Novice: 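Pasting in a structure now, in structure tokens, and then I'll have a few things to ask.
Predicted model only: the values in this text are computed from it and were never measured.
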Amino acid sequence: MRIAGSVSGSAGVASGHRLASQAGIEALRSGGSAVDAALAAAFTQWVVNAPQSGPGGEMVVLVADGGSPSGEVVEVYGGWSRSPLAAAGSNGAEPEGWPPTSGPHNAVVPGSLRGAEAAWRAHGRLDWTELFNGAGAAAAGHVVTARMADVYRRVQDRGHTQALQRMLGTGTAPGQGATIRLPELATTLEAVAQRGPDAFYRGELADRLVAAAAEDGAALTHDDLNAVQATVEPAQRFELEDVVVWVTPAPSQATITPALLSAAGPGADPASREYAEATAPLTEERLTEFCRRGPALPSGTAVATALDRRGLSATVVHSLAGVQFGTGWVAGGTGVAFSNRVGTALSDRPDLPGCNRRGGAVLPHTLSAAHVRRRDGSGWMTLATPGGDRQVQWLAQAIQRFRQGADTADIAAGPRWFVCPTGDRFGVPAGIGEPWYAFAEPGIEWRDDARLAGYEVRPTSNVGGGLQVVAAPHAHDGGHRNAELASDPRSGGAALILR
């Protein structure tokens, strides 16, 4: 096993945390598929990236099989979160405003485990219990990285100390190098590992979640949990002049990404003013349209991507926004933090009907993943990135680099930019109608300009976003033997290959 920002081989895993990537590698070593590996990494991220992902949120799994007898098959397994049934006809949230609303009344009905289960049933080769080995070991004790120390500090700064107390047994953010344990989450994941997702949605654990919701003011009920089902459907396919792109369909906003690529054309450098001026106004237009027509949007996100020796690639995008940016609610006695998408993705504004609340409805999502193949058959890539409203913009920038033949490491680590309302990264739908800004990292051609295409430019040292990618940029005859995996250094993660 070798660790680097970019590695080459016939099988491997890239994720936002080294322990998660190692869990994925162990799944591959045990004979697991790319889906097994990506899920094992994701479940481990639920522990090591606990403020940003977990079973109380949402998940989408994109699986690409280039060796299918019928040709390229790209499927999507959606574990989308829902609005509680009790939300019908009622806001129940704090007043519109910024920062995003908090509190258990904004908690979703989580779909993560149903999405994971559907992908595993279709493509898994290991026993379900084996997918939780890395998560269990991490929950028993792991060392806090520099990046996660910063995340925990932000949780504390937001005043979510009760959530920290329920997760870690202390309301103080752990520092870099500290060893932390999550015993209640460990017990929850052990129950799910041994008895399957029904333990979460219908069993004794479900009883505890509903009781905690009633005690703390969340709308979650047994009827809500019993109704959760995964969606299984083909990825949405777009043909451009040089590439074919598959993306996660609605309720994901990923269909914006091919529109951005089409507007820019294959020759524009994604760091250039030419590319930005072609795509920035279109981004605002399409994100606003999603809020008006539905579906729409934001959250803290984690990504794991894997490739197996049979050429199957899979990427898991899962989010929470529960502790770092969201509800700040952890259901007592379970260690499960809940996403707040009910409070941030929805709005009662009559001019944004696509974001209006409907009880039991699947919520609009930022979770976005893509698979892309050159039309001449010379290369392919599967990828996803965290980043809330920024995901579709960053996927487009990464795919644009792939179109131009960039090295996989440069695709993952290239400089980024994005446009967003209200001067924050999670501006939609709350910021619709407010000023939009363009944020740019070092390396962006127009970073030091005052304006771009009518947007005020705000330079920043790091706009964030941990892209994880598996690619065969110069593939022939399927090409997976020459595949490369890369982990965006912004995430502090690792790309590992199976030796």
Novice: Checking side-chain hydrogen bond (donor to acceptor under 3.5 Å, both in side chains) for the pair Ser33/Asp36: CA distance, chi angles, key distance, verdict?
Specialist: CA-CA 5 Å; Ser33 67; Asp36 291 320; 3.3 Å; yes
Novice: May I ask you to test the Val457-Trp446 pair for a side-chain heavy-atom distance under 4.5 Å?
Specialist: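 The answer is yes, as the side chains (C-beta and beyond) meet within the 4.5 Å cut-off.
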Novice: Could you please spell out the steps behind the side-chain hydrogen bond (donor to acceptor under 3.5 Å, both in side chains) verdict for His318 and Trp46?
Specialist: CA-CA 9 Å; His318 50 116; Trp46 285 1; 3.1 Å; yes
Novice: Looking at every non-hydrogen atom in both residues, tell me the closest pair between Ser313 and Thr382 and how far apart they are.
Specialist: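 In this case the closest contact between Ser313 and Thr382 is OG-OG1, 2.9 Å.
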Novice: Measure the shortest side-chain to side-chain distance between Val245 and Arg237 over non-hydrogen atoms and say whether it is less than 4.5 angstrom.
Specialist: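 Counting from C-beta outward, Val245 and Arg237 never come under 4.5 Å.
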Novice: Are the side chains of Trp436 and Leu287 in contact, using a 4.5 Å heavy-atom criterion?
Specialist: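 When only atoms from C-beta onward are counted, Trp436 and Leu287 do touch, with a gap below 4.5 Å.
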Novice: At what distance, to the nearest 0.5 angstrom, does CG of Leu62 lie from CH2 of Trp246?
Specialist: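 If I round to the nearest 0.5 Å, the distance is 10.5 Å.
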Novice: Just checking, is any N or O donor in the side chain of Tyr275 or Glu277 under 3.5 Å from an acceptor N or O on the other one?
Specialist: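 The criterion, which ignores hydrogens and geometry beyond distance, is not satisfied for Glu277 and Tyr275.
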Novice: Could you point out which residue of Leu485, Ile25, Val13, Leu307 forms a side chain to side chain contact (heavy atoms under 4.5 Å, CB included) with Ile497?
Specialist: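 The single option meeting the side chain to side chain contact (heavy atoms under 4.5 Å, CB included) with Ile497 is Leu485.
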Novice: Would the Trp417 and Trp394 ring centres measure less than 6.0 Å apart?
Specialist: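 Here the rings of Trp394 and Trp417 have centres that are no less than 6.0 Å from each other.
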Novice: Taking everything shown except Arg273 itself, do over 12 heavy atoms lie less than 6.0 Å from its CZ?
Specialist: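 Check passes, neighbour count above 12.
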Novice: For Glu72 and His371: C-alpha separation, side-chain torsions, deciding distance, then whether side chain to side chain contact (heavy atoms under 4.5 Å, CB included) applies.
Specialist: CA-CA 10 Å; Glu72 191 98 12; His371 179 73; 2.5 Å; yes
Novice: Please determine whether salt bridge (Lys or Arg N to Asp or Glu O under 4.0 Å) holds for the pair Arg375 and Glu241, giving the CA-CA distance in whole Å, both sets of side-chain angles, and the decisive distance to 0.1 Å.
Specialist: CA-CA 8 Å; Arg375 294 187 65 140; Glu241 57 188 285; over 6 Å; no
Novice: Please check: side-chain N/O of Thr248 versus main-chain N/O of Ala254, any donor-acceptor pairing under 3.5 Å?
Specialist: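 Answer holds: no.
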Novice: Could you give the distance from CZ (Phe439) to CD (Gln393), rounded to the nearest 0.5 Å?
Specialist: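 Output value for this atom pair is 11.0 Å.
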Novice: Taking all non-hydrogen atoms of both residues into account, name the closest pair between Arg147 and Gly492 and its distance.
Specialist: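 Nearest heavy atoms, Arg147 then Gly492: CD-N, 4.2 Å.
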Novice: Which atom pair, heavy atoms only, marks the closest approach of Gln45 to Gly16?
Specialist: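 In this case the closest contact between Gln45 and Gly16 is NE2-N, 3.3 Å.
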Novice: State the CD1-CD distance between Ile256 and Gln391, to the nearest 0.5 angstrom.
Specialist: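 Between Ile256 CD1 and Gln391 CD, I get 11.0 Å after rounding to 0.5 Å.
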Novice: Could you go through the salt bridge (Lys or Arg N to Asp or Glu O under 4.0 Å) check for Arg447 and Glu445 one step at a time?
Specialist: CA-CA 6 Å; Arg447 179 175 182 265; Glu445 178 180 299; over 6 Å; no
Novice: Tell me, please, whether Phe402 has Arg374 positioned over its six-membered ring: NZ or CZ under 6.0 Å from the ring centre and within 45 degrees of its axis?
Specialist: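 That pair qualifies as a cation-pi contact.
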Novice: Would you name the heavy atoms of Arg309 and Leu498 that are closest together and state the gap between them?
Specialist: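 Distance-wise, the nearest heavy atoms are NH2-O, 3.4 Å.
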Novice: Are any of the side-chain heavy atoms of Val336 and Val330 separated by less than 4.5 Å?
Specialist: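 No, their side chains stay 4.5 Å or more apart.
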Novice: So Glu58 and Ser81, side-chain hydrogen bond (donor to acceptor under 3.5 Å, both in side chains) or not? Walk me through it.
Specialist: CA-CA 5 Å; Glu58 42 275 330; Ser81 57; 2.6 Å; yes
Novice: Roughly how far apart are Asn49 CG and Thr145 OG1, rounded to 0.5 Å?
Specialist: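 So the CG of Asn49 and the OG1 of Thr145 are separated by 7.5 Å.
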Novice: Whether the side chain of Asp308 engages the backbone of Leu312 through a donor-acceptor N/O pair (distance < 3.5 Å, no angle test) should be reported.
Specialist: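 The answer is yes, because a donor-acceptor pair under 3.5 Å joins these two groups.
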Novice: Decide yes or no for Thr305 and Leu383: does some side-chain heavy atom of the first lie under 4.5 Å from some side-chain heavy atom of the second?
Specialist: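 Thr305 does not reach Leu383 side chain to side chain.
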Novice: With a 4.5 Å cut-off on side-chain heavy atoms, are Arg125 and Arg310 touching?
Specialist: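 Contact flag for Arg310/Arg125 side chains = yes.
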Novice: Could you grab the distance from atom CD of Glu284 to atom OG1 of Thr279, nearest 0.5 Å is fine?
Specialist: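 If we round to the nearest 0.5 Å, Glu284:CD and Thr279:OG1 are 12.0 Å apart.
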Novice: Using every non-hydrogen atom in the two residues, find where Pro249 and Ala235 come nearest and quote the distance to one decimal.
Specialist: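 Shortest heavy-atom contact: CD-CA, 4.4 Å.
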Novice: Looking at Arg286, I'd like to know if its CZ atom is crowded, meaning that more than 12 non-hydrogen atoms belonging to other residues, nucleotides or ligands lie closer than 6.0 Å.
Specialist: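 No - once you tally the heavy atoms of other residues, nucleotides and ligands closer than 6.0 Å, there are 12 at most.
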Novice: Is the side chain of Ser272 donor-acceptor paired with the backbone N or O of Ala268 at a distance under 3.5 Å, no angle test?
Specialist: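 Side chain of Ser272 to backbone of Ala268: no pair is present.
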Novice: Passes side chain to side chain contact (heavy atoms under 4.5 Å, CB included), Val7 versus Glu484? Steps please.
Specialist: CA-CA 5 Å; Val7 293; Glu484 299 173 356; over 6 Å; no
Novice: With side chain to side chain contact (heavy atoms under 4.5 Å, CB included) as the criterion, how do Val60 and Tyr77 come out once you've worked through the C-alpha distance, each side chain's angles and the decisive distance to 0.1 Å?
Specialist: CA-CA 6 Å; Val60 64; Tyr77 302 85; over 6 Å; no
Novice: Kindly indicate, with the supporting measurements, whether the criterion side chain to side chain contact (heavy atoms under 4.5 Å, CB included) is fulfilled by Val470 and Trp380.
Specialist: CA-CA 9 Å; Val470 54; Trp380 59 264; 4.1 Å; yes
Novice: Just wondering, do Val372 and Phe238 contact through their side chains at under 4.5 Å, heavy atoms?
Specialist: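 No, too far: nothing below the 4.5 Å cut-off.
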Novice: Any Lys/Arg nitrogen of Glu441 or Arg490 sitting under 4.0 Å from an Asp/Glu carboxylate oxygen of the other?
Specialist: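 Salt bridge between Glu441 and Arg490, a charged N being under 4.0 Å from a carboxylate O: yes.
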Novice: Which atom names give the shortest non-hydrogen contact between Arg416 and Asp488, and what distance separates them?
Specialist: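 In this case the closest contact between Arg416 and Asp488 is NH2-OD2, 2.5 Å.
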Novice: Determine whether the aromatic ring centres of residues Phe132 and Phe43 are separated by less than 6.0 angstrom.
Specialist: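 Judged by ring-centre distance (under 6.0 Å), Phe43 and Phe132 do meet the cut-off.
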Novice: Between Arg154 and Asp157, is there a side-chain N and carboxylate O pair less than 4.0 Å apart?
Specialist: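 No salt bridge links Arg154 with Asp157.
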Novice: Arg403 and Gln400: side-chain hydrogen bond (donor to acceptor under 3.5 Å, both in side chains), yes or no, with the steps?
Specialist: CA-CA 5 Å; Arg403 297 170 87 181; Gln400 190 73 358; 2.9 Å; yes
Novice: Say you draw a straight line from CD of Gln468 to OG of Ser491; how long is it, rounded to the nearest 0.5 Å?
Specialist: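 Gln468 atom CD to Ser491 atom OG measures 4.5 Å (nearest 0.5 Å).
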Novice: With respect to Val392, which candidate in Pro258, Ser252, Ser368 satisfies the side chain to side chain contact (heavy atoms under 4.5 Å, CB included) definition?
Specialist: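 Option passing the side chain to side chain contact (heavy atoms under 4.5 Å, CB included) with Val392: Ser368.
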Novice: Evaluate the side-chain proximity of Leu240 to Val244: yes if any heavy-atom separation is below 4.5 Å, no if none is.
Specialist: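 No; the side chains remain at least 4.5 Å from each other.
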